Every structure is written in C-alpha cells, then in structure tokens.
Amino acid sequence: MKILFYDTKPYDKDSFSKLLPNYPDMTIDFLKTDISYHTVNLACNYDAVCVFVASDVDRKIIESLARCNVKLILLRCAGFNNVDLEAAKEYGITVMRVPGYSPEAVAEHALALAFAVNRHIHKAYIKVRENNFSLVGLTGLNFHGKTAGIIGTGKIGAAMAKSCHGIGMKVIAYDMYQNPDLPFVEYVSLDELFRRSDLISLHCPLLEDTYHIINLEAIEKMKDGVILVNTSRGALISTEDLIKGIRQYKFAGVGLDVYEEEDENVFENREDDIMESSVTARLLSFPNVIVTSHQGFLTEEALEAICETTLENAMSFENGKPIESNVVS
Ligand code: NAD
C-alpha cells in the first residue's frame, strides 16, 4: 500500500518512520505541503492520502482524489469536520480517523491553559525576565472549591473532568450522554452550566448544533470573572462575540488552543508576515488571553498512539476489514 502524507512536520516523519519497519508492505512518502487544488494530483500514484487537522478536504479535492483512484483518506487526528464526508461517501472513498490517541494529552493542555490564565503565568514569565518582581496584577483565585463546567464528556472531557475533580473542584457537565465513568459529575442543562461555572472547558466536537455554542447570549449568562478554555475546535466560539465579552470584562481569563482563524496559522512560522485579518491580532492584544497553536495533542505518547492507529487503519483497510469504530465515512 502506498500512502502520500500531506502537511508533514519533522515530528510526524520521525514518529511514523520509527514504526514503518513493522509494516513491510507499506510505503509512505512525506510532503511538507498541505493538500490543495494545486497539490492533490500528486496523490495519483497512491492508494491513500494522510492529512491532518488543518487540511481542507472539500468536495473538489475529493473529486480529484477519486479521479486519481485514491480509495482511502487517513486522518491522523480525531476531528473530521475538515472533510466533506458526504462527497467522500458519494465517490466511494473511505475516511478513517484516530478517535482517541491520548485524551490526557489534550486535557492536560486545557488544564495548563486554565492554570496559566488564572495565575497570569504568561505575564509573570515576561515580568521577571525584565527584573520586575512586583506582584501587582498577578492575583488569581483558588480553583479548589470552585466549579468546573465541562461541555462534552467524551474521552477528553472525561480526562479533564477527572483532573478538575482531582484538584478539588466541583464538576458539572453538559452532554447528551452521561458518561458512566464519571460518578462525581453532576449533569446539568447548558444554561445552568453557563450560570454556575467558574471554569468552562469545551470538549464537544464541532457540529452544526455546536457551531458558535459560545456566543453573546451564552456569554451573558456566564458568571463575571469566569475562565473559558477551548481545546476542541475554534468555531465552537464566535470570536467576535468573545471579543465583545472580553471588552465587557466578563472573563478573568481565556485560554485558546483553537480559534476560528487558525487554519492559516496552525503549525506555521509566520513571524515575518503581515496578518491579513485583525481578529487573531485583537485576541492576542488582551492581557488575559493566552493563545496556543493547536498543540493540545503534542506529547510523545500521543504522537506514538497516532502513528500506531493510523498505520493500523491503513492495514485494516488494505485487508478488507477497516476498523469499524475508526471509519467516519
Ligand atoms: P469524543 O467523541 O470522545 O467526545 C465528544 C463528546 O461530545 C461526546 O461525549 C458527545 O456526546 C459530546 N457531544 C456531542 N455533541 C454535543 C453537544 N451538542 N453538546 C455537548 N456535548 C456534545 O471526542 P474527544 O476525543 O473527547 O474529542 C473532543 C474534541 O477535541 C474533538 O472533537 C476535537 O475537535 C478536539 N481535539 C482537539 C485536539 C487538540 O490538539 N487541541 C486534539 C484532539 C481532539
């Protein structure tokens, strides 16, 4: 089986190359560039393509893949909102993903963002480097005894809920399904979660009904001084509404590993670029906002698990028995 990898970073190449000797019938070629109308035809001699979170696999790309006889799209990530699944189905292309590589990796990053904005670690780091040892402006609050509101208690949300419980927080959650592994969690309505939470962390997928789940109406229901963390998908939050909320001093802190405009930025070094849009720049201008670049997944354990599952997905497809739980279309 020949697989063409798009949008490959050095850490992808390292981790996949390590495991590849275990799969003698598989060949991988790594491309730095992402899949696009200009690069999709490079996949013509391949059985499968492997893409990542920022790859925009729309209908036109899928049509081209089908023309190239590509039968399989391997997502080396959990989310699949960047692939036109209907088109994939129509053209008989199977789409497989890595549903849960290391939920703790993402949950720990969500926690890191929550801690950092709460205790102003980003400001303290800069201040001390400038020999400014003043504590003014660095007051946080104890998470212990406060209420964490988790939206989506699947694998990552559950890991986050357990961590919050572990540091002595009361944990409430909103999900259509109650996770039986979380007996300490009180499930409530979304409105109640907004009203009661001191920390809100988003862990639901981006779907039609979760698009802008955090909008002005939701923000108005939240407690003043709430901390909001998003490690799930950018478009769960309306950025314009978030900025309005920040300007109304609603938030003690906001930690974003994902945000609406991230696609152009994610995993790229753009330090010499002039930004085309001001939304990200405005977000970065607030002292109580920390933005990271979709790095929640980035631990050695998670990378290893991503490789294993992606290659197992490819093998299972090749053997005619694709791992059912990993097939999204
Ligand atoms: P999961 O499928 O295990 O859990 C998702 C949960 O959300 C499920 O319990 C589901 O019932 C719930 N849900 C669905 N619709 C909902 C709604 N309308 N309201 C509330 N809950 C709803 O997924 P997961 O592995 O926990 O991943 C969660 C998300 O994290 C993914 O969709 C992905 O977008 C994101 N993610 C981010 C990174 C990163 O690096 N930042 C890495 C991996 C995954």
Side-chain angles (χ1 to χ4, degrees), residues 7 9 34-36 51-58 77-84 106 109-110 112-114 116-118 120-123 125-126 151-152 190 194 197 199-222 224-298:
D7 196 19
K9 302 293 181 234
D34 206 348
I35 201 163
S36 71
V51 296
F52 198 45
V53 276
S55 310
D56 188 3
V57 189
D58 64 13
C77 56
F80 48 87
N81 54 287
N82 51 329
V83 180
D84 187 330
V106 185
H109 192 70
L113 287 172
V117 287
N118 177 28
H120 312 281
I121 302 297
H122 55 306
K123 288 173 80 179
Y125 173 76
I126 302 289
I151 301 182
L190 200 51
F194 290 144
S197 302
L199 162 66
I200 296 177
S201 195
L202 306 181
H203 300 289
C204 57
L206 177 61
L207 304 166
E208 230 168 90
D209 63 327
T210 55
Y211 176 78
H212 285 184
I213 195 168
I214 305 298
N215 52 24
L216 209 52
E217 205 186 323
I219 291 169
E220 273 161 8
K221 289 175 190 153
M222 293 178 194
D224 288 340
V226 64
I227 288 174
L228 176 66
V229 170
N230 187 9
T231 54
S232 194
R233 283 293 178 266
L236 294 176
I237 299 180
S238 156
T239 315
E240 288 295 344
D241 289 358
L242 177 68
I243 289 171
K244 279 184 198 143
I246 294 168
R247 289 198 165 130
Q248 289 161 6
Y249 294 89
K250 175 59 89 176
F251 300 97
V254 176
L256 304 174
D257 189 42
V258 290
Y259 51 98
E260 284 187 296
E261 259 189 4
E262 72 177 39
D263 284 358
E264 290 292 302
N265 302 340
V266 155
F267 315 134
E268 302 301 329
N269 179 351
R270 303 192 62 200
E271 62 191 6
D272 292 327
D273 292 2
I274 307 286
M275 294 286 168
E276 303 83 24
S277 148
S278 68
V279 178
T280 311
R282 268 187 290 158
L283 272 178
L284 290 171
S285 73
F286 299 115
N288 57 345
V289 175
I290 294 183
V291 178
T292 53
S293 187
H294 209 132
Q295 66 179 73
F297 71 99
L298 198 60

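Note that these values count all heavy atoms, side chains included, but never hydrogens, waters or copies made by symmetry. It should be emphasised that the depicted structure is a prediction, and the values quoted were computed from it without experimental measurement. Note that the numbering runs from 1 along the sequence shown for the chain.
When all heavy atoms of S55 and D34 are compared, the pair lying nearest together is OG-OD1, 2.8 Å. The minimum heavy-atom distance between A114 and L199, with the atom names listed, is CB-CD1, 3.9 Å. Taking every heavy atom of both residues into account, A252 and G225 meet most closely at CB-O, 3.3 Å. Closest of all the heavy-atom pairs between S232 and C204 is OG-O, 2.6 Å.
Side-chain contact between E261 and T239 is absent, with no heavy atoms from C-beta onward closer than 4.5 Å. Inter-residue side-chain proximity for I290 and I121 is flagged as unmet; no heavy-atom pair is nearer than 4.5 Å. Residues L283 and V254 form no side-chain contact, since every pair of their non-hydrogen atoms from C-beta on lies 4.5 Å or further apart. Counting heavy atoms from C-beta on, the side chains of F286 and I243 come closer than 4.5 Å. Contact annotation: the side chain of T280 never approaches that of V291 to less than 4.5 Å [non-hydrogen atoms, C-beta and beyond]. Between L228 and I237 there is a side-chain heavy-atom pair separated by less than 4.5 Å.
N82 places no side-chain N or O within 3.5 Å of a backbone atom of D56 that could act as its donor or acceptor partner. Checked by atom type and distance alone, the side chain of Q248 never pairs as donor or acceptor with a backbone atom of G245 at under 3.5 Å. Proximity of a side-chain donor or acceptor of D273 to a complementary backbone N or O of M275 within less than 3.5 Å is not detected. Panel note: side chain N265, backbone E268; no donor-acceptor pair is recorded below 3.5 Å. Checking side-chain atoms of D241 against main-chain N and O of L216 turns up a donor-acceptor pair under 3.5 Å.
We find the CD1-CZ distance between I213 and F194 to be 6.0 Å, quoted to the nearest 0.5 Å. Rounding to the nearest 0.5 Å places CG of L206 at 10.0 Å from CZ of F80. Note that the OG1 atom of T292 and the CG atom of L113 stand 4.5 Å from one another [nearest 0.5 Å]. Within the model, atoms OG of S238 and CD of E260 stand 6.0 Å from one another, a figure rounded to the nearest 0.5 Å. The distance from atom CD1 of I214 to atom NZ of K221, rounded to the nearest 0.5 Å, is 10.0 Å. Rounded to the nearest 0.5 Å, atoms NE2 (H120) and NE2 (H122) are 7.5 Å apart.
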So V289 and L242, side chain to side chain contact (heavy atoms under 4.5 Å, CB included) or not? Walk me through it. CA-CA 11 Å; V289 175; L242 177 68; over 6 Å; no

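Under the 3.5 Å distance criterion, with hydrogens and angles disregarded, no donor-acceptor pair is assigned to the side chains of H212 and E240.
Annotation: side-chain hydrogen bond (donor to acceptor under 3.5 Å, both in side chains) contacts of K250 (sequence neighbours excluded): D224. Listed by chain and number, the residues in a side-chain hydrogen bond (donor to acceptor under 3.5 Å, both in side chains) with T210 amount to none (sequence neighbours excluded).
A distance below 6.0 Å separates the ring centres of F267 and F52.
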